[in-house]
Amino acid sequence: MKQLNLPEIDAKIRKFWDENSVFSKSIEERPADNSFVFYEGPPSANGKPGIHHVMGRTVKDLFCRFQTMKGKRVNRKGGWDTHGLPIELSVEQSLGITKEDIGTKISVDDYNAECRKTVMQYKDLWDDITRKMGYWVDLDHPYITFDNEYIESVWWLLGQLYQKGLLYKGYTIQPYSPAAGTGLSSHELNQPGCYRDVTDTTVVAQFKTIQDTLPEALKGYGDICILAWTTTPWTLPSNTALTVGPKIEYVLIKTFNQYTFEPVNVIIAKALVEKQFGQKYFETGEESAFLQYLSSDKKIPFSVLKSVTGEELIGIRYEQLLPYALPYENPENAFRVIGGNFVTTEDGTGVVHTAPTFGADDMKAAKEAVPPVPPMLVLDENGNAVPLVNLQGKFRSELGDIGGKYVKNEYYAEGTAPERSVDVEIAIRLKEENKAFKVEKYVHNYPHCWRTDKPVLYYPLDSWFIRSTAMKDKMIELNKTINWKPAHTGEKRFGNWLENLNDWNLSRSRYWGIPLPIWRTEDATEEICIDSIENLGKEIQKANEKLGLNQSVPKDLHRPYIDDVNLVSPSGKSMKRELDLIDVWFDSGAMPYAQWHYPMENKDLINQGITFPADFIAEGVDQTRGWFFTLHAIASMVFENVAYKNVVSNGLVLDKNGVKMSKRLGNVIDPFETIEKYGADATRWYMISNAQPWDNLKFDLEGIDEVRRKFFGTLFNTYSFFTLYANIDGFVGKEASIPMENRPEIDRWIISLLHSLIKDVEADFADYEPTNATRKVMTFVDEHLSNWYVRLCRRRFWKGDYSDDKIAAYQTLYECLVTISKLMAPVAPMFADWLYKNLNDATGLEKHESVHLAYFPESDVTKIDTKLEQRMDYAQRISSLILSIRKKENIRVRQPLTKVMLPILDNAFVDQVDMVKSLILSEVNVKDIEYLTETEGFINKKAKANFKTLGKILGKHMKTGAQMITEFSQNDIAELEKSGLYNMVIEGDSFTLTPEDIEISFDEVQGWQVAVDRDITVALDISLNENLIAEGYAREFVNRIQNIRKSSDFNVTDRIVVEIEKHQVSEEAVSKFEDYIKNEVLADRIKLSENVDGESVEIIDGLNLNIRVEKV
RNA sequence: AGUCUCGUAGCUCAGCUGGUUAGAGCACUACACUGAUAAUGUAGGGGUCGGCGGUUCAAGUCCGCCCGAGACUACCA
């Protein structure tokens, strides 16, 4: 391969993997008793894979591959999430039906089959992206959540919860769409456009308190009303309590009602007086203002009489505002003031009208009150407790004049709505009865049903719950043992979520999902929870006998078949299944067990801890309350264990401008195209190296291109360089390894860096920090291996015989390349394998046929030499400084110079530099280094404070001290260096400083070509003589001839003859450096002639000479 | 509305437990180097470290408030 072509490499390696079953070998070759457990969070094949899936799966893949290389067996069972509303919706959409049509226009049978099909709609695309991105997961034996066996395991889990008393049926307030006749999930409510601004009639009502329940502080003022605001007046007949904030300050105000003009005393939060007593009112302390008040007056007087806390108000009883009905249960506990922490003083009156049947907060506050406040439920014709609004959204007949009306005008069919909504009617009635303090229109945000476009009601619905609150402490405790990446997702986001845990609402009234396996008698006195198919069979048998039926276990455990099953209670009554399905999130949280059909099969996998808990899972951060929670909750509640030990929650993939990708905006990146064009490895490497997985990734295709060029391109070049000469010299790794101590400095240096790198990269992968790992590999390849090692060692590869030095160079570079292939393999599996195989297949040094079957390199600490690393750093920096002086002085690098001078601070520095002297000299084309020990009068030293150590000593004198140090004279510095101590007096305080506190460096000096980089200073002697100039010319000729060789497509080994046009410059160069030139360009002869029939090339500024180059 | 995360050069990101003149890559400009050549080196421009306050000898870093982006939860009188 002449040029890097990543997609081609992808295809080649994929084929190799397929043909040789590398993936299954990577599992089977590892011992079964040394496993690393990974769980695949099931995607839904109902949607197409996006670029963010490539991100998430790269994270999963890379740690699994890493652990495999560490010798672990990593089983990776794939899975599909197959239930849930999105699937029902897409079926209904494609068939053009609605929920109501199920059972009429389409049989449930067909509907079911349709869901099954739809669920796997894009499976082929998913399989394709999985392969193309190089994600290793077992797609041949996936778990599928709609399988009977999967469902059976879920039933078993529910059975466990049931036996522990953690499953119960109860009321909650849920969003409900009367028009559609169905409850809505929060997911549905979060569809775009559901929340809309609407204008509603709002009422501030006056709740008249009962005198003898008032606290002492409020007695003696006559009648007192509490003001409470509502945006939904239709809930006022269902009011059973008023909620105040215990810590909020309330005031008693004397004023007049603006509609009836009757005098009234009202209670309202102090902070909201201004808001409620607006322009229509004026505050006054004058009693006369009240005596003289007339209904025709423009403004109404008011006066604050008293201030009390909410705490004092708790317990006050009041007259029912609209006494249509009484709660059927404990009505004596209704109509009183209770406390609630959710009360704010941002809106209304600081008192919340509380209707427990229509508000979640209301219900909670009412339940928590002592004694509990009953909700406004009445008994219907069948003796069932029901709210005052029925499921159609109409008032019940108890409401008299407004009974039978819809509570929202929007629910009427078009054109049939009355002029006055019930909200308005109630407002009018309250005004007339002196119970309305204020009525006004108000614009607020309110959710609407996405299907019917009509407002949602919050309505009490029967649901099955998991009593997760009972296990809260266990969950919190277990969570503390989980290693979260990043930590704050676990501690903060997930931790807070657990602290505020609610019971888990399991019920969904749908068709396509796992049916709740609970059967009940009609009067709900007896019930059974089925936890296996076997158990179901037995119960069916029993029921058949007792009830004379002929039922059998349905082939498909889904609705509607399962609904047809009737069971029999111990007392012989018929039991029907509770019609609910369970939350699909339970499906996915059950996968550790259900994927193995536990406990009906594979008992040991879980019980012996072979596949449980997971060592590692990864998913988007949006799964914190989703999959991460359901896994944790089920494991905590059923097994009292964690489900996973390490979890990476990755961020979102945004477009390059940081905007969420969406079809609407057209900024969606197609993963197939991307991988096709740039290759999977560049895409993966870009995603991992560019940002930490848990930060959002601003996905930019140009970034992939950059990674391809900078990293893969450089590595590829390095590899091609290696093979070019390895082929010429026939290096196939058969020589015995040359001992480190016999290899040159630079070899030992790169090997030292390599082993430091291995150590760091392994630690990063082990710590789930892949970004750091990739960045370190990139730095090594780019800066150290390519731009220093290879650049400086080029000659060793193409010059001279196949000597030990050359073999050492090959062995060194080979080790680096093979090791890099292993270090990068988890992230860039295909390129790494290509590189590894190319290298290893040629040498056969390792027996593995793929890098993914090889073991992760071990860092050999004996090869790490920090002093060596330091002196190479010196070499790089000194070279860089010299080059910068050359640049400043405009002296080209091909012009040799005599010497460079290095002022030194200590002898260790000399020793260090001496060892890398030859590298520096050849790199910068200078003949010698001279060390300057005596710098006085030549180059000045300067002192600078070490803020870190000095700050602790000097404290507040730091500023002056630092200033004093920069002003040190040469004598001061000499004294410090000699004695090792320096006494300093600042504002009367005396301090003793040590050399550690002061950093000495060299100053720049006029008249010398000096450059400084922190602790290193170099001075360059730029004087030239004839010899140097001639050598410079010689190098120019070498360069030009090499260029000609190359442009003439000569082989690197071809011998040539050269003819150069005669000129003073060419004569000087050739006469003095003929051998050098011949040697460099592989020339047998160099001839100078007056007329040369060759290429005209510029040698130095303005001088063109003809050169002819011919093969021998 | 609450909780959490993020905000550093035109772009993508480093910046450890507070410490000197805030760094790197990309992009841009100029010059060089080159038997790895779609690579490389040197130099240059470019920053109120989101804003305001506070703690401290010293704040990009710690604390408070605000602004902006995002995620999740809730939608509430």
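Not measured: the values here are computed from a predicted model.
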Nearest-neighbour nucleotide for the [X] side chain, [options] considered:
X: Y458(A); options: C76(B), A36(B), G19(B); value: C76(B)
X: A691(A); options: C13(B), A36(B), U17(B); value: C13(B)
X: N787(A); options: U40(B), A71(B), U20(B); value: U40(B)
X: N690(A); options: C13(B), A43(B), A71(B); value: C13(B)

Could you tell me the separation between the [atom1] atom of [X] and the [atom2] atom of [N], rounded to a whole number of Å?
X: F712(A); N: C26(B); atom1: CZ; atom2: C1'; answer: 17 Å
X: R709(A); N: A27(B); atom1: CZ; atom2: C1'; answer: 10 Å
X: W497(A); N: U3(B); atom1: CH2; atom2: C1'; answer: 12 Å
X: L697(A); N: A71(B); atom1: CG; atom2: P; answer: 15 Å
X: I965(A); N: G19(B); atom1: CD1; atom2: C1'; answer: 13 Å
X: D782(A); N: U40(B); atom1: CG; atom2: C1'; answer: 9 Å
X: D361(A); N: C75(B); atom1: CG; atom2: P; answer: 8 Å
X: N502(A); N: A74(B); atom1: CG; atom2: P; answer: 8 Å

Quote, to the nearest angstrom, the [atom1] distance that separates [N] from [M].
N: C33(B); M: U42(B); atom1: P; result: 15 Å
N: A9(B); M: G50(B); atom1: C1'; result: 15 Å
N: A69(B); M: C63(B); atom1: P; result: 24 Å
N: U20(B); M: C62(B); atom1: P; result: 16 Å
N: G70(B); M: U29(B); atom1: C1'; result: 37 Å
N: A36(B); M: G46(B); atom1: P; result: 37 Å
N: U21(B); M: G60(B); atom1: P; result: 11 Å
N: C6(B); M: G10(B); atom1: P; result: 22 Å

Assigned partner base of [N], Watson-Crick or wobble definition, under 3.5 Å:
N: G41(B); value: C31(B)
N: U61(B); value: none
N: A74(B); value: none
N: G68(B); value: C6(B)
N: C49(B); value: none
N: U21(B); value: none
N: A14(B); value: none

- Got a salt bridge between R708(A) and D705(A), using NZ or NE/NH1/NH2 to carboxylate O under 4.0 Å?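 Answer for the salt bridge query: yes.
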- Task: Taking only Lys NZ, Arg NE, NH1 and NH2, and the carboxylate oxygens of Asp or Glu, determine whether R775(A) and E769(A) approach each other closer than 4.0 Å.
- Result: no
May I ask you to evaluate whether [X] reaches the phosphate of [N], defined as a side-chain N or O under 4.0 Å from OP1 or OP2?
X: R794(A); N: A36(B); value: yes
X: N696(A); N: G70(B); value: no
X: K492(A); N: U5(B); value: yes
X: T231(A); N: C76(B); value: no
X: K710(A); N: U40(B); value: yes
X: K944(A); N: U20(B); value: no

Using a cut-off of 4.0 Å on non-hydrogen atoms, how would the nucleic acid contact of [X] be classed: base, sugar-phosphate, or nothing?
X: R775(A); answer: sugar-phosphate
X: F722(A); answer: nothing
X: H488(A); answer: sugar-phosphate
X: S880(A); answer: sugar-phosphate
X: R493(A); answer: base
X: N1039(A); answer: sugar-phosphate
X: E706(A); answer: sugar-phosphate
X: T489(A); answer: nothing
X: A945(A); answer: base
X: F797(A); answer: nothing
X: L954(A); answer: nothing
X: G951(A); answer: base

- Task: Fit a plane to each ring of F358(A) and Y459(A), take the angle between them on a 0 to 90° scale, and name the class: parallel (under 30°), tilted (30 to 60°) or perpendicular (over 60°).
- Result: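 F358(A) vs Y459(A) ring planes: tilted.
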- Task: Hey, can you tell me if F797(A) and Y725(A) have their rings parallel, tilted or perpendicular (30° and 60° cut-offs)?
- Result: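 Tilted: the ring planes of F797(A) and Y725(A) meet at 30° to 60°.
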- Using salt bridge (charged side-chain N to carboxylate O under 4.0 Å, His left out) as the criterion, point out the one residue from R794(A), R791(A), R877(A) that pairs with E923(A).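 Considering R794(A), R791(A), R877(A), a salt bridge (charged side-chain N to carboxylate O under 4.0 Å, His left out) with E923(A) is found only for R791(A).
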- Message: Is there a side chain to side chain donor-acceptor pair (under 3.5 Å) between D362(A) and Y458(A)? Walk through the geometry before answering.
- Response: CA-CA 11 Å; D362(A) 302 31; Y458(A) 285 88; over 6 Å; no
- Message: Is there, by distance only and without an angle test, a donor paired with an acceptor across the side chain of T714(A) and the base of A36(B) below 3.5 Å?
- Response: no
- F628(A)/W484(A) under side chain to side chain contact (heavy atoms under 4.5 Å, CB included): CA gap, chis, key distance, verdict: CA-CA 11 Å; F628(A) 294 154; W484(A) 282 83; 3.9 Å; yes
- Message: With no hydrogens and no angle check, just 3.5 Å: does a side-chain donor-acceptor pair link K441(A) and T201(A)?
- Response: yes
- Query: Just how far is it from atom CG of L242(A) to atom CZ of F207(A), taken to the nearest 0.5 Å?
  - Reply: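 Answer for the CG-CZ pair, L242(A) versus F207(A), is 5.0 Å.
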